[in-house]
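Report on the structure given below.
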Amino acid sequence: MTVCARMRRDLGLALLLLLSAAVESDGMSPPGKPVFLGCRSPEKETFTCWWEPGSGGGLPTTHRLYYEREKLEGTHECPDYHSAGKNSCFFDKDHTSIWVDYYLTVVASNALGNATSGHFKMDVMEIVKPNAPENVTLQVMKREDNPYLHVRWEHPHNTDTKSGWVTIKYELRVKHRNNNEWKEYTSGTQTQFNLYNINPGEMYVVQVRCRLDHGSWSEWSNSTSVKTFNYPQNDKPFWILVSALSTVPFLTAMCILVIKRKYVKKVLLPPVPGPKIRGIDVQLLKRGRSEDVSNALIINQGFPSVPAWKDEIEDYLIVSDDVLLPDPHRKKKSLTVAAGFHLNLEIQCKESLGQRDWEKAEERKNGIDTFPPQLPTQKQLCPNVTFVHAEATDQRWPIHDAAAESTVQLLAPTGYVDIQRHKSMQEEADGNEMDYTRVNDGNILILQKDKFPGCMDVQRQEENIPEDYSRVKEVDGDNKVLLQRQSFSADSSCGEKGTPYTDCTNKKPINPHVPGPSKVELIGSGYVDTIY
Amino acid sequence: MSGTIRSVSVVWLLLLCLVLCRTLTGTGAAPICANAQAGCYAVSLANLFDRVVQHSARMHGISNDLHSEFEQYFLPSKNQVGRVGRNCHTSTILTPNGKENAQRMAREELTEVILKLLVAWRDPLWHFHRSMAHHHDFTNFSSDKALEMSDMVHELRKGVERVAEKMQTLGLMSDPVNSQVSPEALPPPDSGEWRRMKDYDLLYCFRRDSNKVKNYLKILKCRIVPEHGC
């Protein structure tokens, strides 16, 4: 073998190696097996099928789709590879039959070989999936206080709804802009829908989809959104509510104020205490009779009434010697009990004693002379009986005791028994303590002397005491005043019951000053006064 | 006392009779006649069409459900089905396979096709239901659906016949349709081709045929009485 031949052989080997290397580095191979992705008919009149080519194989590969059909003889190739894009096959109306089975295959081929996909069987009836509805519009419709959303759309343009070939059913879904929760509604075959449960001031997003007969649902349409108005009327019901709620407590407060106006008045305008003059009867003043008014005003003044002393002699109490008997026919005398009379009597003591005194007085009515000797005991029992001295006034208070009945009316807390006293007596009035037992219920006023020296005082002052002057000793019942006859004897029987003071020697005849029946009228001042 | 009870019971009986009579003479009892004769009340053609269309839609829905159930239980591999595929026993009936074909077809022919289909499925469905009842693999729900389906086929056929009558009386359709569709004209149904079919194939075929019927009826309706919902 020559060297040249050997070299040629080596070159050939090298070339072969190179070629094989080159071939392997490029990856040329028969094409991979394509895979069917699926088919779809948007309107039940045409359909499209897609496939996925297998590994490229490096060489230019062509794909072909072949199909066989029920009730159709032979194998046919795809009529349109381009209308629907790459790796697709579009069957137009002429090549589409419904309710028949198609058997599809795709063959990928290149220079090195072929690859066939598996059979894909389909019926157009099963692969119907329409396009999404179009022209979705969203409007906010105002309707008084109930606004609502009005959604409108159109059927996908390639579907035929007029001939009844397909029946489209729609569905829509709504959500708030920021929310992620969709709310779905079925619209049936209507191409519009009203949404009523919307909130004002919100952004709403709506999508629609459809399907043909019992086919697959389409994709959701593009989102359409709208913003609802922020209704100003929202404030109105709020303010109405506020005013309504505030009216109720306001009204109740007013009612309460009106009902309790007196109390309110008392609180806001506390009553200014009116002037209260002791002894003045406001009712009397109100009555307005001048004489009453003047009487009320004057009597209660309580002047020292110096001139009164001058007239003192003229002021005397006229009493009679007659026994005071309770006689309903006689006129009543009255004894005022003034307010100044201060009794620290305990009521029990008073009452008990009063009862006894009353009884005793009753007995005495019939002529028992002696003054109940228990008066001193009364004093002991009621130690705190004090006597407020009386002041002489120019008032007369003659008491026609015998012929007249006297009535003693106790003006309860305001009454006091005012006994006319001589001036000299008055000087010692403070020291004098006369005990007066006052009984409320029987209106009995029992006067008593505790200190018999008082009697002495009386005696001492006898000279000044006018003849007609008597002291009221005891008020017996409603119509009896027992007068104490003043005697100058040292006999302590001065303290005794005095209707017939026969014991007292210094009896002075008392001329009844008053010819006729007289009565003692009670005046608020407490002075016993005889009224003719 | 007994007199009042008797009178009350008589009154109650009368009331009952009235109620019953009313219900009996109500909408159910009055026959639907093609012409508005005395004693029956006439339903409009549009109304009739609506009824049959809805009926057919429901029938197809049931068949769809049953078919999906079957697919879950007995999922046949796609490859198993041969190229020729199944052969439905109704494949001999010529049916338009597209919209244009269906629209081009005369209404008499279309009605005839519908009726043929419905007639052809009466027996197979009844047998299907029987076989389902025997097989305890299926739920009671499926068996009820099968029964309902077979009933609906029967009723739908009657309804379509009524529609055809109405159309003929209204002059919308020529007369000899009915005679063509009479059962005698059809090939004997007991040839039993369908007996050899498996249940799953039967369901598949019926699903397709019920879809056909529904579509054809809708086309007819929208062609003849297009007012409502076309």
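Each chain gets a letter, A, B and so on, in the order the sequences are listed, and its residues count up from 1.
- With ring centers used as reference points, A:Phe47 lies under 6.0 Å from A:Tyr102.
- Of the two parts of A:Ser97, the backbone and the side chain both hold a non-hydrogen atom closer than 4.5 Å to a non-hydrogen atom of chain B.
- For B:Lys214, the part lying under 4.5 angstrom from a heavy atom of chain A is the side chain only.
- Inter-residue side-chain proximity for A:Phe120 and A:Tyr67 is flagged as unmet; no heavy-atom pair is nearer than 4.5 Å.
- A disulfide bridge connects B:Cys205 to B:Cys88: their SG atoms sit within less than 2.5 Å of one another.
- Ranking A:Thr167, A:Thr96, A:Val166 against chain B, the residue ahead of the rest is A:Thr167, based on heavy-atom pairs under 4.5 Å.
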Take B:Glu71 and B:Tyr200 through the test side-chain contact (heavy atoms from CB on, under 4.5 Å) and record every step on the way to the result.
CA-CA 8 Å; B:Glu71 266 190 329; B:Tyr200 177 75; 3.4 Å; yes
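- At a 4.5 Å heavy-atom cutoff, B:Pro226 makes no contact with chain A through either its backbone or its side chain.
- In this structure, the separation between SG on A:Cys78 and NE2 on A:His63 is 13.0 Å, given to the nearest 0.5 Å.
- Only the side chain of B:Asn64 comes within contact range of chain A, with heavy atoms under 4.5 Å apart.
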